[in-house]
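Quick notes on the structure that follows.
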Amino acid sequence: MTMVQEKAKVILALLPGVDCAGHGGCGYPTCQACAQAIADGAPITTCSAANNETIAAIAYVMGVEPVKVDKKVAFIKCAGHAAGKIRLKAAGVESCDKAKEKGFDKGECSYGCMGIGTCIERCKFGAMTNVDGQIVIDKEKCTGCEACLSSCVQGLIKLVPEDATNFIPCSSKNNEQESFEVCGYGCIGCGDCAIACPKEAINMVIGNKIDGRYAEIDYDKCEGCVSCTAACRRKIIVDTVHDLAEIKDTVAFVKCTGGAWGNGKLVEEGYASCLEIEKSKVALDARDVCKYSCLGLGDCIEACRYGAISNENGVAEVDYNKCVGCGDCFRACPRHKIEMVPYIGVKQSACESADSTERRMEVCGLGCIGCGDCAENCPNEAIEMRYGHPYIHDDKCQNCGVCTYLCTRSAIKERVVPEYNYLQRNALKLDE
């Protein structure tokens, strides 16, 4: 046995020992061929799955200086929720490429992961599993061998640094409206993250259509700060270091103070959603239900991914500790009773009724009656009456509490927010 053959034998024993069958990043059909290539003079880093310890050992065998590599692991650029995986699996499709040939139904993302798992079969290190139709990668088991990359017919699997903390799990090239309709986790291509990034580490990748693009992180530049997660309108950017739920520019605010009476009547009649009420054009006034109120039937609750909305006495109530300002509830409310407001702890007028004072009293026990006491007594002149309701100027409000103390109807609400959110805002310079 020649010296080169001896080295190839030792190198083969040092390699991870799981044959990628020609699909790995080394470019060779077998581990034996890879080991032989290294022994013949190929770079000691040829095996993509080899860690720094293995590379150092190979360097010793070859009599060269060791080379340090930055380990990379696989990441799927899709949250895996809208590519039609359930329909395709039910149809008995065995592979992702065959599933793609069948096409997609309306409302399915043609750019997403189909969850069938062709990549799982390709992975020889057991780093990929299928959890309820969503492919999950075990970072600890992934060696970065690259075998899974070519298995994805959608081109969704990328290698990222092992120590990366920020991820954008979407490759959709749909426009904003299409992205929202087909997937609650889709990138809408707004570019806010790219603008906010202080290191210019985010690129907007143009899709096949003029109006389609998505965000992609350049990990050579990314330093793992919170700028992109804070700026993301959809709040889909995964940040494994910072608490996404505590970083926001805006939060949801429900423009209604009391709907218990109306909610109770509608529930008794069998109505189950606000959209149903709107589509059926139900005569609310004839039922003595405030036609300006939140109906409390929960369309927004179902839309919220963070459990930040609940039904409190017939009205949607936002938990500002959980709200991330994504706007899903705002879009889901068919009656436009939710708006996105600045994330500052000033007061908000929560009643929009245009009825007479008498009618407001008849249909709601908590609605604003337009008395004007709040405006007359505000020490900062931050409140004016408009169409029988207080309008609060955020730039003048000092949060003194006089208006809420005087309001006998609890129609003025305060968003109480934790102090450290302000510190985060200052660190990000979001208020400049």
Side-chain angles (χ1 to χ4, degrees), residues 180 184-185 229-236 242-264 266-267 272-275 277-278 290 292-353 364-368 374 389-392 394 397 399 401 403-404 407 409-422 424-425 430-431:
F180 175 72
Y185 293 79
T229 53
C232 180
R233 297 184 194 181
R234 301 290 291 126
K235 296 297 178 282
I236 64 164
H242 308 93
D243 187 352
L244 176 65
E246 302 298 347
I247 304 171
K248 64 201 88 170
D249 283 320
T250 58
V251 289
F253 178 72
V254 182
K255 298 181 289 184
C256 181
T257 55
W261 295 353
N263 174 260
L266 295 172
V267 171
S273 77
C274 303
L275 183 59
I277 297 288
E278 289 298 293
C290 178
Y292 302 96
S293 74
C294 164
L295 302 179
L297 295 177
D299 296 41
C300 55
I301 296 175
E302 292 183 10
C304 181
R305 291 171 270 153
Y306 302 95
I309 305 181
S310 60
N311 186 323
E312 302 296 332
N313 296 319
V315 176
E317 182 78 17
V318 178
D319 182 340
Y320 297 112
N321 287 316
K322 296 180 179 179
C323 177
V324 300
C326 66
D328 283 351
C329 59
F330 163 76
R331 286 178 283 270
C333 180
R335 293 173 57 75
H336 309 295
K337 293 291 104 180
I338 297 178
E339 67 177 345
M340 305 309 295
V341 298
Y343 186 63
I344 49 178
V346 297
K347 307 296 189 295
Q348 294 281 338
S349 176
C351 177
E352 290 190 310
S353 176
C364 178
L366 294 173
C368 172
C374 54
H389 292 286
Y391 175 82
I392 303 173
D394 289 352
C397 178
N399 217 22
C403 57
T404 52
C407 183
R409 309 282 291 172
S410 300
I412 297 179
K413 300 291 186 180
E414 178 182 354
R415 300 188 311 283
V416 179
V417 295
E419 181 65 23
Y420 54 83
N421 283 283
Y422 290 114
Q424 287 181 329
R425 291 183 64 82
L430 297 176
D431 295 318

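Residue numbers run from 1 in the order of the sequence given.
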Over all atoms of both residues, closest heavy-atom pair of [X] and [Y]:
{"X": "C333", "Y": "I338", "value": "SG-N, 4.3 Å"}
{"X": "A316", "Y": "C294", "value": "N-SG, 3.4 Å"}
{"X": "G296", "Y": "N263", "value": "O-ND2, 3.2 Å"}

How long is the gap from [atom1] on [X] to [atom2] on [Y], to the nearest 0.5 Å?
{"X": "K347", "Y": "I412", "atom1": "NZ", "atom2": "CD1", "value": "8.5 Å"}
{"X": "C351", "Y": "Y292", "atom1": "SG", "atom2": "OH", "value": "10.5 Å"}
{"X": "C403", "Y": "I392", "atom1": "SG", "atom2": "CD1", "value": "5.5 Å"}
{"X": "K255", "Y": "S293", "atom1": "NZ", "atom2": "OG", "value": "13.0 Å"}
{"X": "D328", "Y": "C304", "atom1": "CG", "atom2": "SG", "value": "7.5 Å"}
{"X": "C407", "Y": "L366", "atom1": "SG", "atom2": "CG", "value": "9.5 Å"}

Legend entry - Of all pairs that satisfy salt bridge (Lys or Arg N to Asp or Glu O under 4.0 Å), the ones with a partner from residues 332-341, not counting sequence neighbours: E278-R335, K337-E352
Decide yes or no for [X] and [Y]: does some side-chain heavy atom of the first lie under 4.5 Å from some side-chain heavy atom of the second?
{"X": "K413", "Y": "F253", "answer": "yes"}
{"X": "C368", "Y": "T257", "answer": "no"}
{"X": "V254", "Y": "E312", "answer": "no"}

Inset, instruction - Only counting residues at least two apart or in another chain, list the ones meeting side chain to side chain contact (heavy atoms under 4.5 Å, CB included) with C274. - result: L295, L297, D299, P334
Inset, instruction - Go through the steps to decide whether Q348 and V341 satisfy the test side-chain contact (heavy atoms from CB on, under 4.5 Å), and finish with yes or no. - result: CA-CA 9 Å; Q348 294 281 338; V341 298; 4.1 Å; yes
Inset, instruction - Would you sort out whether C326 and R233 count as a side-chain contact (heavy atoms from CB on, under 4.5 Å), showing the intermediate values? - result: CA-CA 6 Å; C326 66; R233 297 184 194 181; over 6 Å; no
Inset, instruction - For H389 and S349, indicate whether the former's side chain and the latter's backbone hold a donor-acceptor pair under 3.5 Å. - result: no
Inset, instruction - Could you tell me whether the side chain of Y320 and the main chain of A252 form a donor-acceptor pair under 3.5 Å? - result: yes
Inset, instruction - Please assess L266 against I277 for the test side-chain contact (heavy atoms from CB on, under 4.5 Å), listing each intermediate value before the final yes or no. - result: CA-CA 9 Å; L266 295 172; I277 297 288; 4.0 Å; yes
Legend entry - N313 CG: over 12 foreign heavy atoms closer than 6.0 Å: no
